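Worth saying up front: this structure is predicted, and the values here are computed from it rather than measured.
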Amino acid sequence: LACIAVSPMLVGVGRIDMARNFYGSYFVSDATSATGKTVRRLYHGSIVEGMQTMTPMPLAAANAYFSAPLTELFRRYNYRDIGMLGLGAGIALCFNDGDRKFTVYEINPLMRDLARKHFTYLSSCGEPRWRMGDARKMMEDDEPSQYDFMILDAFSSGSIPSHLITREAIALYISRLRENGMMVWNINSVYYELAPALAAMAHEQGWRAWKHFDEVGDFANDLTPHHW
């Protein structure tokens, strides 16, 4: 999950942790929402990489933050094996219904450390199978046709790791999906309009592509605008 800047519906922003490594600067902050809840957010630069309602108790439910289409896709289809490029705070892991298996490709160990330290998704919803390193290189070593569904959310702080969105990369992802598999991309970006390029490359592979833009969000219920 990613959005830009701080919601005007949140007040009293307070940083509770800060860290920096090769991949950038990060901080975790708590703020009070319009409904009086404490909402914790993980920032990479100016981009929100994840959030969690912490009061009256930590809420570990993915559908509290992901509106359509992700929630609807998990509700409608019986995905069992899910590959995720990018962890964020780990919100999507809470789509686990007990039988689903998640594999997370994450290049930045600090992201995993902050998610474990300040959010409860990993402890409440289950640790995934970890593939720590560059997602494309890790996936090249993986067996083909092992995922039903892939969530690609690896764009950091508004920058684009371009090697993850080339024709060759998309062909690789498709090879790791089973028949009738599906990919969902978080295409929020400060600088780039990604939808036309991704749609064109999907069509080159014989796939169909759709986009879902939610420009409004529902900040009172901790739902942020998003582009998929």
Chemist: Is any side-chain heavy atom of Asn108 less than 4.5 Å from a side-chain heavy atom of Phe22?
Modeler: no

Chemist: Identify which one of Arg178, Arg100, Lys101 satisfies the salt bridge (charged side-chain N to carboxylate O under 4.0 Å, His left out) criterion when paired with Asp81.
Modeler: Arg178

Chemist: Just to verify, what does Tyr105 make a ring-ring contact (aromatic ring centres under 6.0 Å, His included) with, not counting sequence neighbours?
Modeler: none

Chemist: What's the spacing between Asp153 CG and Asn186 CG if we round to 0.5 Å?
Modeler: 4.0 Å

Chemist: Take atom CD of Glu143 as the centre, draw a 6.0 Å sphere, and report whether it contains more than 12 heavy atoms from other residues, nucleotides or ligands.
Modeler: no

Chemist: Classify the ring geometry of Phe74 against Phe149: parallel below 30°, tilted from 30° to 60°, perpendicular beyond 60°.
Modeler: perpendicular

Chemist: Mind checking whether Tyr173 and Leu152 have side chains closer than 4.5 Å, heavy atoms only?
Modeler: yes

Chemist: How many angstroms lie between atom OG of Ser124 and atom CG of Asn96, to the nearest 0.5 angstrom?
Modeler: 12.0 Å

Chemist: Check Arg131 with Asp142, please: is the shortest side-chain N to carboxylate O separation under 4.0 Å?
Modeler: yes

Chemist: Do you know the tightest heavy-atom contact between Ser25 and His44?
Modeler: O-CD2, 3.4 Å

Chemist: Indicate yes or no: at least one non-hydrogen side-chain atom of Met139 is less than 4.5 angstrom from one of Asp141.
Modeler: no

Chemist: How close do Glu106 and Gly88 get, heavy atom to heavy atom, and via which atoms?
Modeler: OE1-N, 4.4 Å

Chemist: Working note: Thr166 + Arg136, criterion side-chain hydrogen bond (donor to acceptor under 3.5 Å, both in side chains); need CA distance, chi angles, decisive distance, verdict.
Modeler: CA-CA 11 Å; Thr166 63; Arg136 182 168 169 179; 3.1 Å; yes

Chemist: Hey, are the side chains of Leu110 and Tyr26 touching, using non-hydrogen atoms and a 4.5 Å cut-off?
Modeler: yes

Chemist: Got Pro128 and Thr103 here, is their nearest side-chain heavy-atom distance under 4.5 Å?
Modeler: no

Chemist: For the residue pair Ile151 and Leu85, establish whether any side-chain heavy-atom pair is separated by less than 4.5 Å.
Modeler: no

Chemist: For the residue pair Gln205 and Ile170, what are the closest heavy atoms and their distance?
Modeler: CG-CG2, 4.3 Å

Chemist: Ignoring hydrogens, what is the shortest heavy-atom contact between Gly50 and Ala89? Give both atom names and the distance.
Modeler: CA-CB, 3.9 Å

Chemist: Run the side-chain contact (heavy atoms from CB on, under 4.5 Å) test on Met138 and Asp134 for me, step by step, so that the C-alpha distance in whole Å, both residues' side-chain angles and the decisive distance to 0.1 Å come before the verdict.
Modeler: CA-CA 6 Å; Met138 294 291 101; Asp134 181 270; 5.7 Å; no

Chemist: I'd like to know if Glu127 pairs up with Arg112 as an ion pair, taking the criterion as any Lys NZ or Arg NE/NH1/NH2 lying under 4.0 Å from an Asp or Glu carboxylate oxygen.
Modeler: no

Chemist: Which pair of heavy atoms, one from Ala202 and one from Ala209, lies closest together, and at what distance?
Modeler: CB-CB, 4.1 Å

Chemist: Any side-chain heavy-atom pair from Leu93 and Leu87 closer than 4.5 angstrom?
Modeler: yes

Chemist: Let me check something: do Met150 and Trp210 share a hydrophobic cluster, defined by ILVMFWY side-chain heavy atoms less than 4.5 Å apart, either directly or through other members?
Modeler: no

Chemist: Linking I/L/V/M/F/W/Y whenever their side-chain heavy atoms sit closer than 4.5 Å, directly or via other members, would Phe119 and Met57 fall into one cluster?
Modeler: no

Chemist: With side-chain contact (heavy atoms from CB on, under 4.5 Å) as the criterion, how do Ile107 and Tyr23 come out once you've worked through the C-alpha distance, each side chain's angles and the decisive distance to 0.1 Å?
Modeler: CA-CA 9 Å; Ile107 196 170; Tyr23 299 103; 3.5 Å; yes

Chemist: Quick one: do Met183 and Ile174 satisfy side-chain contact (heavy atoms from CB on, under 4.5 Å)? Show the steps, please.
Modeler: CA-CA 8 Å; Met183 286 185 285; Ile174 290 173; 3.8 Å; yes

Chemist: Could you walk me through whether Asp30 and Arg40 pass the salt bridge (Lys or Arg N to Asp or Glu O under 4.0 Å) test, one step at a time?
Modeler: CA-CA 4 Å; Asp30 283 350; Arg40 180 164 295 172; 2.8 Å; yes

Chemist: Taking all heavy atoms of Arg176 and all of Glu140, pick out the closest pair and write down the distance.
Modeler: NH2-O, 3.4 Å

Chemist: Lys117 versus Leu122: any side-chain heavy-atom pair under 4.5 Å?
Modeler: no

